[in-house]
Each structure stands twice: as structure tokens, then as C-alpha cells.
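Reviewing the structure listed below.
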Number of protein chains: 2
Amino acid sequence: MRSETKDKIAELATELVQQVGYPSLSYQQISSQLGMKNAAVHYHFPSKEDLGLDVVRRDHELFTKFTTSLEGQSAEEKLDAFLTSYQQLLENGNRICMIGASASDYKQLPDSIRQEATTYLSEVKDWFTRLLENGKADGVFQYKGSAAGKAALITSALAGALQHARLIGNDHYLAVVAQLKLELKP
Amino acid sequence: MRSETKDKIAELATELVQQVGYPSLSYQQISSQLGMKNAAVHYHFPSKEDLGLDVVRRDHELFTKFTTSLEGQSAEEKLDAFLTSYQQLLENGNRICMIGASASDYKQLPDSIRQEATTYLSEVKDWFTRLLENGKADGVFQYKGSAAGKAALITSALAGALQHARLIGNDHYLAVVAQLKLELKP
DNA sequence: AAATTTACTTACTAGTTAGTAAGTTTTGCA
DNA sequence: TGCAAAACTTACTAACTAGTAAGTAAATTT
């Protein structure tokens with residue numbers, strides 16, 4: 001029962017959060033960009049917390065649907081699909097990932113959004129852990145230590161690489177991805 | 001010829017940038033926290049751009065002094081010293097590194113600050129590259145691919161790990177560090 | 001001792017922020 | 001057709017933002 005307008009607001013807000021962060025997300029910018037008034041945005045999202053929470057929730061749901069759609073595919077295909085989705089953020093306005101944005105805005109986030117972001121990151125890390133375990137079992141991935149440790153490294157490296165790419169260019173992200181894949185190769 | 005007050009402002013501003021980011025850094029918060037008036041801060045740093053630029057410059061200088069002080073030490077000692085300095089950010093108010101903060105605030109930064117942050121990150125990456133080259137030559141480090149690629153991975157992983165630690169706890173940073181060191185061991 | 005510079009305070013501006021209350025238009029349903 | 005609910009607009013508030021102009025006190029220099 002979500003209205004079209006509400007979806008459009010949330011989509012634009014998502015883009016803005018990934019570009020300028022939650023604190024700099026403003027009702028004015030959203031309303032003017034969508035050709036409506038301030039109060040219209042407040043009608044759909046009474047408080048900024050409501051809006052921010054919906055933005056993170058939607059991105060979380062997107063991730064869940066994304067991984068579900070990948071079920072049945074090989075570990076390598078899953079990894080590539082994830083890496084490509086991150087690369088699209090980069091090419092589409094130098095955005096950073098929602099989790100990275102939430103983490104750097106952390107001190108300014110209401111508790112509800114913090115909790116949602118924490119759950120989100122945990123699930124991404126778990127997904128990567130299983131991916132690495134299965135990939136190793138199938139002989140397509142290789143790494144030292146635990147799958148959880150390697151998953152922690154990979155998730156943080158990708159989030160950091162998206163951000164650093166803003167400063168020193170998109171090639172940085174590609175270099176990090178290439179290094180990660182090289183190290184995973186048996 | 002830097003006054004004490006100016007240093008105190010810059011130090012507090014550094015802490016605030018690493019906690020809440022450049023856009024949320026406010027003259028009011030600084031002045032009230034230092035027991036002075038708004039205009040007093042503007043006396044030392046006429047514009048916010050001046051203040052923000054000085055903050056990044058100072059952190060950059062700190063890094064340069066830090067690496068200079070480590071000259072002569074072994075590659076392992078240098079790496080450990082760097083990792084410890086990052087861990088102190090975490091333990092001292094869950095700060096993130098200046099480069100990571102600059103990268104996530106990138107879209108809101110004036111050009112001068114962007115450029116300074118870009119140079120800063122390039123130098124950190126170069127420092128890591130040389131560290132890895134020397135460590136490999138000395139037989140204390142091991143890795144696949146180029147030193148530059150591995151340096152890109154490590155710098156982004158550490159920046160991302162500091163941020164993710166805010167969401168899922170400081171152990172995440174320690175896990176990433178442990179994984180990195182494990183993989184470097186010959 | 002006088003003049004000048006440094007380091008502020010007081011008091012203000014113009015613009016932006018999230019948020020609200022009340023009124024109006026549009027839409028879907030009975 | 002008429003009613004009700006949904007989706008808005010208008011008009012506003014209180015708080016905050018960076019930044020400025022003018023005045024003051026203290027330190028430094030001449």
C-alpha cells in the first residue's frame with residue numbers, strides 16, 4: 001500500500017544519503033527536486049528519523065532480495081554480482097554504500113537507524129562468510145584463517161574502497177577488487 | 001607563530017570532524033565547548049573552509065612526522081605502529097580516520113580541502129607501498145600481486161574497518177587487523 | 001608613555017533547518 | 001452524486017547555520 005510519491009521520495013533520499021550523508025539530507029532539497037512542497041514530504045515521512053529509517057530499511061531489503069535472487073548460482077558468480085553492484089554505485093554519481101554512509105554518519109543517527117544499520121551489516125558479513133565457506137569447500141576460493149575473518153576484511157575493504165575512490169579516482173576501487181580476487185584464487 | 005587558542009580550536013575541530021564530519025562541524029559547538037564566543041573562532045579561522053583545511057593539513061603533517069619518526073625501524077614495527085595509531089582513534093571516542101571522514105564528506109567539501117585530502121591519501125598509499133616492498137625484500141612480508149595493489153587493499157580495509165566497528169563493535173577492527181597480518185606472514 | 005597590534009565580546013544578519021496547524025484539492029468508493 | 005479519506009499547499013515557528021561590523025581590553029612595540 002505504498003504510494004508512488006512515497007517511493008519516489010525514498011528513492012531520492014537514498015541517492016542523497018549515499019552522496020551527502022544523513023545529516024545533510026534535507027526536506028527542502030527533496031521537495032524542490034520532486035516539484036512539491038516541504039510539508040508534502042512531511043506528510044509521507046513525518047520526521048526525518050522516519051525517512052532515514054525507511055531509506056536504510058529499503059536498502060537492506062534490496063540486499064536481501066538480491067542475495068535471494070542469486071541462490072543456486074556459484075560462489076564466484078555471487079561474488080562477481082556483488083562487486084558489480086558496488087561498482088554501479090561508483091559509476092552512478094560516486095555514491096558510497098548505505099552501510100558505509102551509516103557508519104560515517106553514525107554519531108548523528110537516531111537509535112532506530114543505528115540498529116537497522118547494525119543488523120544490515122551483520123547480515124552482509126554473514127552472507128560473505130557463507131559465500132567464502134562454500135567457495136572454499138568447492139575449491140574455487142582459497143584463503144588463510146577463518147571465513148568470518150576474511151569476510152570482515154572483504155566487507156570493510158569494499159566499503160573503504162568506494163570512499164577512497166572519490167579522492168583518488170575509480171581505478172582505486174578496481175585495484176582493490178583485483179587484489180581481492182587475485183588472493184582468493186586457489 | 002600559531003597562538004595557543006588557534007591550536008586548541010584546530011584540535012577540537014579535528015576531534016569533531018572525526019566524530020560527526022565536516023558538514024556537522026559548527027562554530028557554535030566549538031566556541032561553547034572552549035568557553036568563548038562564536039566570533040572568536042571566526043577571528044582565528046575566518047571561514048569554515050579555512051578551519052576545515054587546517055584540520056586536514058594538521059592531520060597530514062602529523063602523519064608525515066609519524067612516518068619520519070619511524071624511519072630506521074623494521075617493516076613489521078612500522079606496520080604495527082600504524083595499526084596501533086588507528087586503534088587509538090577507535091578507543092578514543094570511536095573516531096574514524098581523517099581520510100575516511102574526508103572521503104565520506106567529499107561531496108560537501110570545498111575544493112581546497114578535497115585536494116589536500118587527495119594528496120594525503122596518495123602519500124599514505126605510497127608509504128604503504130614502500131613498506132610492503134621493503135617487507136617482502138626482507139622476507140618478513142608475503143603477498144600476491146603488486147605492492148601498490150596490496151597497499152590499496154590494506155588502506156581501504158583499515159578505513160572501512162574503523163567505520164564498521166562503530167556499527168558492530170571494536171572487535172571487528174581487531175578481526176580485520178588479525179586477518180591482514182595473518183595473510184602477510186610468510 | 002603613546003601608538004599599534006592582537007585577541008577577543010557584543011550584537012546582529014540572512015539563510016537554512018525540521019516540523020506544525022489549518023485549509024484546499026484530488027481521488028476513490030458507496 | 002455525495003461523502004470521506006488521501007494527498008497535498010499555504011503559512012508559519014523556533015532553532016540553528018556561517019559570517020560580519022563595531023567596540024573593547026590587553027599585550028606588544030616604538
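Small disclaimer: the values here were computed from a predicted structure and weren't measured. Every chain is numbered from 1 and lettered A, B, ... according to where its sequence line falls, protein lines coming before strand lines.
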Study note, to complete from the structure: To the nearest angstrom, the CG-P distance between A/N38 and D/dT10 comes to 12 Å

Check your understanding: With sequence neighbours left out, what residues match B/Q19 under side chain to side chain donor-acceptor pair (under 3.5 Å)?
Key -> none

**Study point:** Of residues 8-35 of chain B, the positions that come close to DNA chain C - non-hydrogen atoms, cut-off under 4.0 Å
**Key:** none

Review point. Do any side-chain nitrogens or oxygens of A/T5 fall under 4.0 Å of OP1 or OP2 in D/dC8?
Key: yes

Check your understanding: Quick check, are the ring centers of B/F128 and B/F82 under 6.0 angstrom apart?
Key -> yes

Check your understanding: Between B/H42 and D/dA21, is there a side-chain N or O to OP1/OP2 distance below 4.0 Å?
Key -> no

Check your understanding: For the hydrophobic clusters of this structure (ILVMFWY residues joined by side-chain heavy atoms under 4.5 Å, transitively), does one cluster hold both B/Y106 and A/Y173?
Key -> no

Review point. Would you say the side chains of A/K125 and B/H172 form a donor-acceptor pair under 3.5 Å?
Key: yes

Practice item. Assign B/K37 to base, sugar-phosphate, or nothing according to its heavy-atom contacts below 4.0 angstrom with the strands shown. Key: base

Exercise for review: Assess B/K6 against B/F45: is NZ or CZ under 6.0 Å from the centre of the six-membered ring, and within 45 degrees of the ring's axis?
Suggested key: yes

Review point. How close or far is atom C1' of C/dT16 from atom CD of B/Q108, stated in whole angstroms?
Key: 13 Å

Check your understanding: Are A/S47 and A/D50 linked by a side-chain donor-acceptor pair shorter than 3.5 Å?
Key -> yes

Review point. Rounding to a whole Å, what distance do you find between B/L51:CG and D/dA18:P?
Key: 10 Å

Review point. Which nucleotide, D/dA7, C/dA7, C/dT20, lies nearest any side-chain atom of A/Y43?
Key: D/dA7

Review point. Hey, is the side chain of A/H44 poking within less than 4.0 Å of OP1 or OP2 on D/dC8, counting only N and O atoms?
Key: yes

Check your understanding: B/M36 side chain: which of C/dT9, C/dG19, D/dT20 is closest?
Key -> C/dT9

Study note, to complete from the structure: Quick note, A/K48 side chain, CB onward, closest among C/dG19, D/dC8, C/dA7 is C/dG19

